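See structure below.
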Amino acid sequence: MIDWTHFTPWSSLAGGIVIGTAVAMLALLNGRIAGVAGIIGGVLRPAAGDMAWRLAFIFGLLVAPAAYRLFAAPAAPTIEASYPVLLLAGLLVGAGTRYGSGCTSGHGVCGLSRLSPRSLAATITFMLAGFVTVYAVRHLLV
Amino acid sequence: MNAVSAFAVGLLFGTGLIISGMTDPSKIIGFLDIAGAWDPSLAFVMGGAVLAGFIAFRFARKRTVSFLGGAMYLPTARHIDRPLILGGLAFGVGWGLAGYCPGPAVVSLGAGQDKAVVFLVAMIAGMALYEAADRHFHARRRRRVPRELSDVAGDA
């Protein structure tokens, strides 16, 4: 059943269009895929002339909350995961996104926008793994 | 100029993540919890983003230089292989456990979330582990898949 108290169709759609506009700008202006895991991963594999745009993009992400606060009060997030779970999750996300060449932005948004079968396969895979994981944590373990 | 536009893009991307609600891990887990009280918001974020992205890539794929005059680094890989699937599985499990993927985690660090700090330190360690393993097995992998196919610009 649908969780109507938390479902935010309009702000999520609007935010999605803003994300898609950012993706469009990076593709057209910089000729790059806005895949966050790939952009961070490239910093860990330094190449001459390839660092400035990556660091600038990451810096943009970091200052987004401060910029947002100039216009509206951000909603407080709820983070249920404990510190040990966050450590395990971070390791899996870091290694997995690099091994699988992309995350929710690189494969999910950019790949699906490009109609890439490879990114569609990746997106289905991580979505299914996410569904199974949350099912196990929420409905089997407790 | 590339760095200036990348900064603007990062700022816009991060703002979009905040507006969409995706910087809140409980909304991610709410989407992944199809057997519980299901929050479909994430599908609307993807829908909006893919709509805008689809139009942009139709133009981008025809170009040989970017609007800023640089090269186009768009992926050409099409093969579905074991790293893609195994990597996706590992990522999906981590995503479901924490409710964070890389973009929202970085934005949450900017918002001063201490739990995002822990997640990101582990995430970067995971990426570094991959880099070390990749260097170790690099020669063997290259014989199977040409490098330019397996790792176009390092993304997707």
Side-chain angles (χ1 to χ4, degrees), chain A residues 3 6 8 12-13 15-20 22-27 29 31 33 35-38 42 52-53 56-57 60-62 64-65 68 77-79 81 86-87 89-100 102-104 106 109 111-114 121-122 125-126 129-130 133-134, chain B residues 2-3 5-7 9-16 18-20 24-26 32-33 37 39 41 44-45 48-50 52-54 56-57 60 66-68 72 80 83 87-98 101-103 106 110-111 115 118-119 122-123 126-127 130 154-156:
Chain A
D3 180 359
H6 292 104
T8 51
S12 288
L13 185 65
I17 292 170
V18 172
I19 293 167
V23 164
M25 284 171 63
L26 201 67
L29 292 171
I33 290 288
V36 179
W53 77 273
F57 176 87
L61 288 180
L62 285 170
Y68 183 84
T78 311
I79 307 151
L86 286 166
L87 277 176
L91 279 172
L92 286 168
V93 169
T97 52
R98 297 303 292 142
Y99 193 42
C103 60
T104 356
V109 174
L112 297 189
S113 296
R114 294 186 300 109
T125 305
F126 67 68
T133 302
V134 171
Chain B
N2 272 319
S5 82
F7 169 75
V9 169
L11 183 59
L12 195 63
F13 195 109
T15 305
I18 298 168
I19 294 170
S20 68
D24 184 348
S26 69
L32 294 173
D33 189 11
D39 178 357
S41 302
F44 282 66
V45 183
V50 168
F54 173 71
F57 282 111
S66 74
F67 280 106
L68 291 178
M72 298 297 284
I80 296 166
L89 285 175
F91 165 43
V93 171
W95 192 41
L97 285 175
C101 52
V106 174
K115 286 195 165 177
V118 175
F119 176 86
M123 186 185 93
M127 288 180 167
Y130 162 80
D155 316 294

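In the text below, chain A, chain B and the rest are named by the order of the sequence lines, each starting its count at 1. Note that this is a predicted model, so its numbers are computed, not measured.
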Response to the item:
Ranking G20(A), C103(A), G94(A) by heavy-atom pairs under 4.5 Å to chain B gives rank one to G94(A)

Discussion item. For L87(A) versus A122(B), what's the shortest heavy-atom pair and its separation?
Written reply: O-CB, 3.2 Å

Item to complete: Please flag which part of F91(B) lies under 4.5 Å from any non-hydrogen atom of chain A: side chain, backbone, both or neither.
Response: both

Worksheet entry | Between CG on residue L62(A) and CZ on residue F7(B), distance to nearest 0.5 Å | 10.0 Å

Response to the item:
Interface check, chain A: of L32(B), I19(B), L11(B), most non-hydrogen pairs under 4.5 Å belong to L32(B)

Worksheet item: Where on S113(A) is there a heavy atom nearer than 4.5 Å to chain B: the side chain, the backbone, both, or neither?
Response: both

Worksheet item: Who wins among V36(A), V23(A), V93(A), L112(A) for the most heavy-atom pairs under 4.5 Å with chain B?
Response: V93(A)

Item to complete: Taking all non-hydrogen atoms of both residues into account, name the closest pair between A98(B) and A89(A) and its distance.
Response: CB-CB, 3.5 Å

Discussion item. Shorter than 4.5 Å, heavy atoms on both sides: which option in P25(B), P102(B), A111(B), A60(B) has the most such pairs with chain A?
Written reply: P102(B)

Practice prompt. Give the member of S66(B), G103(B), S5(B), A56(B) that has the highest number of heavy-atom pairs under 4.5 Å with chain A.
Written response: S66(B)

Worksheet item: Counting heavy-atom pairs under 4.5 Å to chain B, which of L91(A), T97(A), L13(A), T104(A) comes out on top?
Response: L91(A)

Item to complete: Pick whichever of G14(B), A90(B), C101(B) has the most heavy-atom pairs under 4.5 Å with chain A.
Response: A90(B)

Discussion item. Working to the nearest 0.5 angstrom, can you tell me the gap between T133(A) OG1 and L89(B) CG?
Written reply: 9.0 Å

Worksheet entry | Side chain to side chain, L26(A) and F13(B), heavy atoms closer than 4.5 Å | no

Item to complete: For L92(A) and V93(B), work out which heavy atoms get closest and say how close.
Response: CD1-CG1, 3.8 Å

Worksheet, complete the sentence: Counting heavy-atom pairs under 4.5 angstrom with chain A, the leader among G96(B), A52(B), A6(B), S26(B) is A6(B)

Practice prompt. Please determine, among A22(A), A27(A), G42(A), the option with the most heavy-atom pairs under 4.5 Å with chain B.
Written response: A22(A)

Worksheet item: Parallel, tilted or perpendicular for W95(B) and F126(A), by the 30°/60° rule?
Response: perpendicular

Worksheet item: Do K115(B) side-chain atoms and L86(A) backbone N/O form a donor-acceptor pair below 3.5 Å?
Response: no

Discussion item. Heavy-atom pairs under 4.5 Å with chain B - which of I17(A), T8(A), L61(A) has more of them than the others?
Written reply: L61(A)

Worksheet item: At what distance, to the nearest 0.5 angstrom, does CG of L29(A) lie from CG of L68(B)?
Response: 5.0 Å

Discussion item. I need the minimum non-hydrogen distance between S41(B) and H6(A), along with the two atoms involved.
Written reply: OG-O, 4.0 Å

Worksheet entry | I33(A) and F57(B), any side-chain heavy atoms less than 4.5 Å apart | yes

Discussion item. Donor-acceptor check, side chain of S12(A) to backbone of V45(B), threshold 3.5 angstrom: yes or no?
Written reply: no

Fill in: I79(A)/F119(B) under side chain to side chain contact (heavy atoms under 4.5 Å, CB included): CA gap, chis, key distance, verdict
CA-CA 11 Å; I79(A) 307 151; F119(B) 176 86; over 6 Å; no

Fill in: Closest non-hydrogen atom pair between G92(B) and A129(A), with its separation
CA-CB, 3.7 Å

